[in-house]
Every structure is written in structure tokens, then in C-alpha cells.
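Here the structure comes first, spelled out in C-alpha cells, and everything after it is commentary.
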Amino acid sequence: MNKTAKLLMLMLCICVVSCTTSKTTISQSADLSKYRYATITDVMNYQGSAALMDAEVKIYDAIDNSRLEMIGDHAINDLSYEQQQQLLLVRFGVTQDDEESIVTVNFVDYFSGRPVASCRGAWGLGMDRQEDFNGAIKRVASQIEKTFPKN
């Protein structure tokens, strides 16, 4: 492959990747520093979808790299009232097409039900869906770590 073709391919890849945005949206009234715990609710409610099971494992890992301590949703009642005030419910979604994968992880205050943060990771080269998915997971993990950094 000559230099011109390599340069053209590189420019195309940069253009495609730049079209996928990863970002975090935080509620204006949210005090993220008060949260210490997180739980994924309705585990396995997606009726055995392999893609969502894979995403859930990787999202757990991503949250483990933040300051949030993951607990099972059945352990919520074992938390004190003060600890429950520090709890976030985690909901996630995965969207994938031929061009990109998007993974969104939303954090919701346990008591109020108010969304406090939404982390979005996107990646797409359009060549391999699994690679696009893995890229989106890495990007959302980075957003989660920045939003809830370890002390």
C-alpha cells in the first residue's frame, strides 16, 4: 500500500471515529460526591440476550474501577438509611448498527428516582461489530471513572 493510500485510509478512520462522541451529562442539582454505592436493577430482566449479558459484565467491571461500590439489588435492604441515601441505581443500554456501537450507563438516585448522571461511550469504524462494542465499552468506562473518580 503506497503512502497516499495509507494517508487516505488514516483520514477516513479519523473522520469516522470523530463522528462518534463519548460524553457525560450531569444534573445541575446533583452532588455526585455523596454517592458511594451502586446497584444494577432488574438483573437478567433482558430475557437472556447474550449481548446484554456481555455488556453487564463489562459495565460491572467499569464501575468497579470507580469509587462506587457495587452491591446486589437484594442487599439494598441490608444498608442503613444513611447508606441508602448514598445509593445509585444503574441502568444501561446498548445500541449497535453497522457503523457504530453506543453504550449508555445512567445513574439514578435511589430515593428520588431522579437521574443524576448519564455516561455515554461510542465507537465505530464499521468494520467489526465486536470491536466497535469493545471500543464503546472502553469509552463509557473512561467516562464513569472520570465522573466517579477514586479518592
Side-chain angles (χ1 to χ4, degrees), residues 12-151:
L12 177 63
C13 287
I14 290 171
C15 179
V16 170
V17 171
S18 67
C19 294
T20 61
T21 57
S22 299
K23 65 178 184 172
T24 297
T25 303
I26 299 171
S27 172
Q28 292 179 353
S29 64
D31 175 12
L32 297 184
S33 66
K34 80 175 195 175
Y35 297 104
R36 182 174 164 203
Y37 304 99
T39 187
I40 294 180
T41 57
D42 298 326
V43 173
M44 304 295 280
N45 194 23
Y46 38 80
Q47 301 165 354
S49 165
L52 289 178
M53 290 171 134
D54 188 30
E56 184 175 316
V57 168
K58 292 177 180 179
I59 289 167
Y60 258 93
D61 290 345
I63 294 171
D64 278 342
N65 289 326
S66 75
R67 75 163 183 273
L68 297 175
E69 180 182 335
M70 290 297 296
I71 63 166
D73 59 349
H74 293 292
I76 292 173
N77 292 331
D78 296 336
L79 297 175
S80 68
Y81 178 77
E82 290 77 22
Q83 290 172 317
Q84 288 177 358
Q85 290 179 315
Q86 301 170 4
L87 177 63
L88 289 169
L89 303 176
V90 179
R91 298 187 177 120
F92 67 92
V94 177
T95 304
Q96 194 168 34
D97 60 31
D98 290 336
E99 292 154 13
E100 72 177 350
S101 293
I102 300 170
V103 178
T104 305
V105 181
N106 297 313
F107 296 89
V108 178
D109 183 89
Y110 174 67
F111 279 117
S112 71
R114 180 183 176 103
V116 296
S118 179
C119 298
R120 179 185 190 268
W123 182 259
L125 294 177
M127 296 179 180
D128 182 331
R129 281 184 168 223
Q130 187 62 44
E131 288 301 316
D132 288 352
F133 171 73
N134 289 338
I137 286 286
K138 286 178 186 173
R139 285 187 162 193
V140 80
S142 174
Q143 295 297 316
I144 292 168
E145 289 175 42
K146 289 175 187 174
T147 305
F148 301 100
K150 289 187 177 183
N151 298 332

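Along the sequence shown, residues carry numbers from 1. Every value quoted in this text rests on a predicted model; they were computed, and no experiment measured them.
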Test L89 against R91 for side chain to side chain contact (heavy atoms under 4.5 Å, CB included), laying out the working first. CA-CA 7 Å; L89 303 176; R91 298 187 177 120; 4.1 Å; yes

Hey, is the main chain of A122 close enough, under 3.5 Å, to the side chain of R139 for a donor-acceptor pair? yes

Test log, rule side chain to side chain contact (heavy atoms under 4.5 Å, CB included), inputs N134 and K58: CA-CA 9 Å; N134 289 338; K58 292 177 180 179; 2.9 Å; yes

Just by distance, do the side chain of Q84 and the backbone of I76 share a donor-acceptor pair under 3.5 Å? yes

Can you see whether Q96 engages S101 through a side-chain donor-acceptor pair at a distance of less than 3.5 angstrom? yes

Quick note, salt bridge (Lys or Arg N to Asp or Glu O under 4.0 Å) partners involving residues 123-136, not counting sequence neighbours, are D98-R129

Measuring only between side-chain heavy atoms, which start at C-beta, is R120 closer than 4.5 Å to Q143? no

Close side-chain approach of D109 and K34, heavy atoms under 4.5 Å: yes

Quick one, D54 and E56 - any side-chain contact, counting heavy atoms below 4.5 Å? no

Exam field: side chain R114 to backbone V108, donor-acceptor pair closer than 3.5 Å: no

Is the F111 to Y81 ring centre distance short of 6.0 Å? yes

Does one side chain, of E145 or S66, offer a donor that lies under 3.5 Å from an acceptor on the other? no

Heavy-atom distance under 4.5 Å between the side chains of I40 and Y60, does that happen here? yes

Verdict with supporting geometry, L32 and T147, side chain to side chain contact (heavy atoms under 4.5 Å, CB included): CA-CA 8 Å; L32 297 184; T147 305; 3.5 Å; yes

The test is side chain to side chain contact (heavy atoms under 4.5 Å, CB included); show your working for D78 and I71 and say whether it passes. CA-CA 10 Å; D78 296 336; I71 63 166; over 6 Å; no

Within the structure provided, determine whether N106 and V116 are in side-chain contact (heavy-atom separation under 4.5 Å). no

Who are the ring-ring contact (aromatic ring centres under 6.0 Å, His included) partners of F148, not counting sequence neighbours? F107

